[in-house]
Protein chains: 2
Amino acid sequence: MSVDMVVVPPVSDRQPDAQVGEVAQSSASKALAVLEAISRARGSSFGVTEVAADVGVPKSTAHRLLKTLEKHGFVGRSGSRYRVGGSFFELSEAARWSEFGELRDTAARPLNWLFERSDAAAVHLAVLSGRDVLYLDKITRPAGTRLPSRVGGRFPATCTALGKAILAHSPRATVADVIGEPLARITPYSVALRQQFVLQLSKARDAGYAIEREEACHGTVCVAAPIMRDGAAVAAVSLSVPTLTATRGGAADLPALGRLLVQASTEISRSLPLA
Amino acid sequence: MSVDMVVVPPVSDRQPDAQVGEVAQSSASKALAVLEAISRARGSSFGVTEVAADVGVPKSTAHRLLKTLEKHGFVGRSGSRYRVGGSFFELSEAARWSEFGELRDTAARPLNWLFERSDAAAVHLAVLSGRDVLYLDKITRPAGTRLPSRVGGRFPATCTALGKAILAHSPRATVADVIGEPLARITPYSVALRQQFVLQLSKARDAGYAIEREEACHGTVCVAAPIMRDGAAVAAVSLSVPTLTATRGGAADLPALGRLLVQASTEISRSLPLA
DNA sequence: CCGCTGGTTCCGGCGAATGGAACGGTCGCC
DNA sequence: GGCGACCGTTCCATTCGCCGGAACCAGCGG
């Protein structure tokens, strides 16, 4: 009715839905709440009563909803213990794609170029998700060093070059949100002080690329550059190299890698579809 | 708890109506149907009207359901085009614990073994879901041929070695269900005649592995072996190789691959938890 | 400028969701 | 082995929120 309504395409306004419980009293909402409850139960399965308690509805209702969910394959069960079902698996894979598919696609070629051009141990593509980076793609040498990253996996953003590169070009609020809680300390070198972190962000902004030295994983340093869209970072690409090759002068100097990265990331940003 | 459970969910309750599916008239069911509809929209997003048409409900209802789904983060939107939402991302780890979790986990190691042992272009793990195979896992060479498969994706069962391997060791009713409608013709080589298909199943049963020659994808042939539990196939593993290496004698002869597969699939079946 | 397509909102009537209560199976404690 | 507590499942009358046709906007193309 009124005019100040958001019809805005670019920025997705995310409600800070930190609230727990109190599902709206609609059948659909309750069903979804049940789904959420079950998916929260990592590993272990749920019984009807537990679900009912968790969601806050009578047993019979929970039971009915579970049967509905089961009919659609969103939950499955062994005996009478319920777990998330096959449809859930399908959808989560589909979500991976529909949300980041185009990003992955446009990035694929530059990523390969980067991989061949440098002789880094690995190249990564990631986005920011909450306080973590979420890895979208990864290329490694077959015999490469084992890195803790996994496509679809997460890692505390503040401990990675990827996270720094993205945050360096993100709105204040986003940064504040990420460093709102104590910074994760994965290795002894992980940045622990907010002030220091913010300083690094500003350096990264100036240089165009961010650096991380063994803050995520012993023995590897990373360089990363942001992928931009509409003036804000939406993702980042990174190169990982063993500490040794990075420090023992010559072979791989970080600024050179940085330039390579900027080249690649700019190319990706440029060819990214607009909307 | 005499659980005779099978891992495959949405198989047998086939509603008489096959077309645009008259969902049960419950708010929850409709919401889930909407979710499914949206996830089917690979790549492109859905508008309210399209969803309404696809699910078979009036616009207003579709709209209301979409809003509910959005509130829970199960769908997201850009402007007013809807797509599957972030919640599935957040919970994508949970999907690892779905009913397919243990299957994927126990299969992981043998799958890798298979991949390294053969020099196939790809190895797949899949289950039967309706008339399709549902890919649970996939390993490919970085520079490998592009295959149409995707983890979480589907493909008509009758056009794949995976499907044949599973169906060869499935109850009559299941087979009848799958070949009840006209067989899909993806390539000119796809098996179109039921009789021929059934013959292939019996051959596959005898040999222990199934073969598919460019019936799913030009230029690749596949071999697959079933993973058994309680005397019935619950999944299958496959190797894909380019047609050239397969036909130009020597390098990769199919029976050899078959033996490799049977070894791996037997190992998986053996180490699969019972109930 | 007007008609059209597609998204969003409203509202009354009615059917579907609700949840308390009862049933039956299973486990484990005594 | 018997008993009791717990849990999943079913039933049913009541009521409450969903349903969906219709009206309202907004953007587009002719």
field: Separation between CG of B:L162 and OG of B:S238, rounded to the nearest 0.5 Å
entry: 3.5 Å
- request: Kindly assign one of parallel, tilted or perpendicular to the pair A:H124 and A:Y135, based on the angle between their ring planes and the thresholds 30° and 60°.
  value: tilted
query: Does any donor atom in the side chain of A:S78 or A:R83 lie under 3.5 Å from an acceptor atom in the other side chain?
result: yes
query: Does CZ belonging to A:R109 count more than 12 external heavy atoms closer than 6.0 Å?
result: no
message: Regarding B:R229 and B:S269, do their side chains bring together a donor and an acceptor under 3.5 Å, going by distance alone?
response: no
task: Sugar-phosphate atoms are those with a prime plus P, OP1 and OP2; base atoms are the rest. Using that split, label each nucleotide of nucleotides 3-19 of chain D B, S or - for protein heavy atoms under 4.0 Å, 5' to 3'.
output: ----SBBB------SSB
- request: Applying side chain to side chain donor-acceptor pair (under 3.5 Å), run through B:H72 and A:S29 and close with a yes or a no.
  value: CA-CA 8 Å; B:H72 285 254; A:S29 269; 3.2 Å; yes
query: If you fit an axis to the five pairs at each end of the helix from C:dC1-D:dG30 to C:dC30-D:dG1, how big is the angle between those two axes, to 10 degrees?
result: 40°
- request: Look at B:E267 together with B:R270 and state whether they make a salt bridge at an N to O cut-off of under 4.0 Å.
  value: yes
